[in-house]
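One-based numbering, in listed order, for ligands and for the atoms of each. Below, all heavy atoms of this structure are taken into account, side chains as well, without hydrogens, waters or symmetry copies. This is a predicted model, so every value here is computed, not measured. The first residue in the sequence is number 1, and the count goes up from there.
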Amino acid sequence: MTDSNEMTINLVVLGRTQTGKSAVGNSLLGSADFESHLSPSSVTTRCSLGHSSRILGIIRRNGCELALRVRVLDTPSYPHSALSKEQVRDTVRSALAHHFGEEGLHLALLVLRADLPLCPDESDHVIQFIQELLGPTWKNYTAVLLTHADKAEEAGFSEEAYLHSASSTLLSLLSSVQHKYIFLDNQKSIIKEERAIVLRKLLNFIRQNNYQVLLLKHSKE
Ligand SMILES: Nc1nc2c(ncn2[C@@H]2O[C@H](COP(=O)(O)OP(=O)(O)OP(=O)(O)O)[C@@H](O)[C@H]2O)c(=O)[nH]1
């Protein structure tokens, strides 16, 4: 949604349990709206929408500053320690339609851990899940967020070295989403400048997509 001096971007975080989805949401919003902590069972069990305040210094149009507003839908993981695939899919689908049904979705953020290898079965399952939610054009509307970048860095991997050693499954996924990926360290509370860098990268992805949105409707499987 864009009015004369404001732009809103609609995002959803998706992925396996304990990858840092809620932490990503909090980092992007600059808040602690979403419950995020280490747990031996999945923490998030329902969808919830968080809103940022007006963010300045990120985007300009025709030489004028626009205020950016970010909306993030946090979701239960798939796979989940207590919910079936159908339960997660139906709850996410209806939350997407409820919150973004009118304005559309700019980007789904598939959250993966940079400190764990992505294996073929896991990738297939998550891609199938995203496809079921977003439909055949999912690749245009999906970016990969690699959390735990701090751990990869501690182990001596720069981004370049990481991608050089990454599994072919991850590389093929990144290629299928047209290399829309971002490394993130959610561990330290993200500072304003770092958040601005991440938001600019996300806006670039959205710009590459000509600001198109994915329209989501209620539908039965
Ligand atoms: N070191 C490190 N820890 C992280 C990072 N991102 C998240 N975590 C930690 O990972 C744990 C899980 O984070 P959550 O945000 O709850 O993850 P989630 O995917 O929402 O979890 P569920 O709701 O249980 O599926 C927390 O202890 C976070 O502090 C990161 O980039 N680096």
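- Counting heavy atoms from C-beta on, the side chains of Asp90 and Val92 never come closer than 4.5 Å.
- Residue Leu49 is not grouped with residue Val43 when hydrophobic side chains (ILVMFWY) are merged at heavy-atom distances under 4.5 angstrom, including chains of intermediate members.
- Surrounding CZ of Arg46 are at most 12 heavy atoms belonging to other residues, nucleotides or ligands under 6.0 Å away.
- Note: no N/O pair closer than 3.5 Å links Glu35 and ligand 1 by distance alone.
- For ligand 1, the atoms closer than 4.0 angstrom to any heavy atom of Asp185 are 31 (O).
- Counting atoms of ligand 1 from 1 in the listed order, those under 4.0 Å from a heavy atom of Ala23 are 7 (C), 15 (O).
- Residues Val70 and Tyr211 are members of one and the same hydrophobic cluster, defined by side-chain heavy-atom contacts under 4.5 angstrom among Ile, Leu, Val, Met, Phe, Trp and Tyr.
- Remark: the Ser22 side chain and the Thr44 side chain contain an N/O donor-acceptor pair separated by less than 3.5 Å.
- Ring geometry for Tyr162 against Phe157 counts as perpendicular: the plane angle is over 60°, on a 0 to 90° scale with 30° as the lower cut.
- Interface of Asp150 with ligand 1, defined as ligand atoms under 4.0 Å from a residue heavy atom, comprises 1 (N), 2 (C), 30 (C), 31 (O), 32 (N).
- Of the protein's heavy atoms, Gly20 N, 3.1 Å lies nearest to atom 17 (O) of ligand 1.
- The contact set between ligand 1 and Ser77, taken as ligand atoms under 4.0 Å from a residue heavy atom, comprises 25 (O).
- When the heavy-atom distances from atom 18 (P) of ligand 1 to Lys21, Glu154, His80 are ranked, the shortest goes to Lys21.
- In this structure, a donor-acceptor pair under 3.5 Å is absent between the side chains of Ser81 and Ser41.
- Residue Arg71 is tested with His51, Glu103, His99 for a side chain to side chain donor-acceptor pair (under 3.5 Å); the sole match is Glu103.
- Arg195 CZ to Ile197 CD1: the interatomic distance, rounded to the nearest 0.5 Å, is 13.0 Å.
- Every atom of ligand 1 is numbered from 1 in the order shown, and the set under 4.0 Å from a heavy atom of Thr17 is 22 (P), 24 (O), 25 (O).
- Geometrically, ligand 1 and His37 share a nitrogen or oxygen pair separated by less than 3.5 Å.
- Residue contact check: Leu38 has heavy atoms under 4.0 Å from atoms 11 (C), 26 (C), 27 (O) of ligand 1.
- Using a 4.0 Å cut-off between heavy atoms, Leu184 contacts ligand 1 through its backbone alone, with no side-chain atom that close.
- Checking His80, His125, Glu132 one by one against Lys85, the side chain to side chain donor-acceptor pair (under 3.5 Å) holds for a single residue, Glu132.
- With no hydrogens or angles considered, no side-chain donor-acceptor pair links Thr147 and Asn186 at under 3.5 Å.
- Any N or O atom pair closer than 3.5 Å counts here, and Ser22 shares at least one such pair with ligand 1.
- Compare Lys151, His148, Gln18 by their heavy atoms: the one nearest to atom 9 (C) of ligand 1 is in His148.
- Residue contact annotation: Ser39 has no non-hydrogen atom under 4.0 Å from ligand 1.
- Counting protein heavy atoms only, atom 6 (N) of ligand 1 is closest to Asn186 CB, 3.2 Å.
- At the shortest separation from atom 3 (N) of ligand 1 among protein heavy atoms lies Gln187 OE1, 3.1 Å.
- Annotation: Thr44 places an N or O atom under 3.5 Å from an N or O atom of ligand 1; distance criterion only.
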* Go through the steps to decide whether Ser42 and Gln18 satisfy the test side chain to side chain contact (heavy atoms under 4.5 Å, CB included), and finish with yes or no. => CA-CA 7 Å; Ser42 301; Gln18 288 288 296; over 6 Å; no

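- The atoms of ligand 1 that sit less than 4.0 Å from any heavy atom of Ser36 are 13 (O), 14 (P), 15 (O), 16 (O).
- Close approach to Val43 involves these atoms of ligand 1, each under 4.0 Å from a residue heavy atom: 22 (P), 23 (O), 24 (O).
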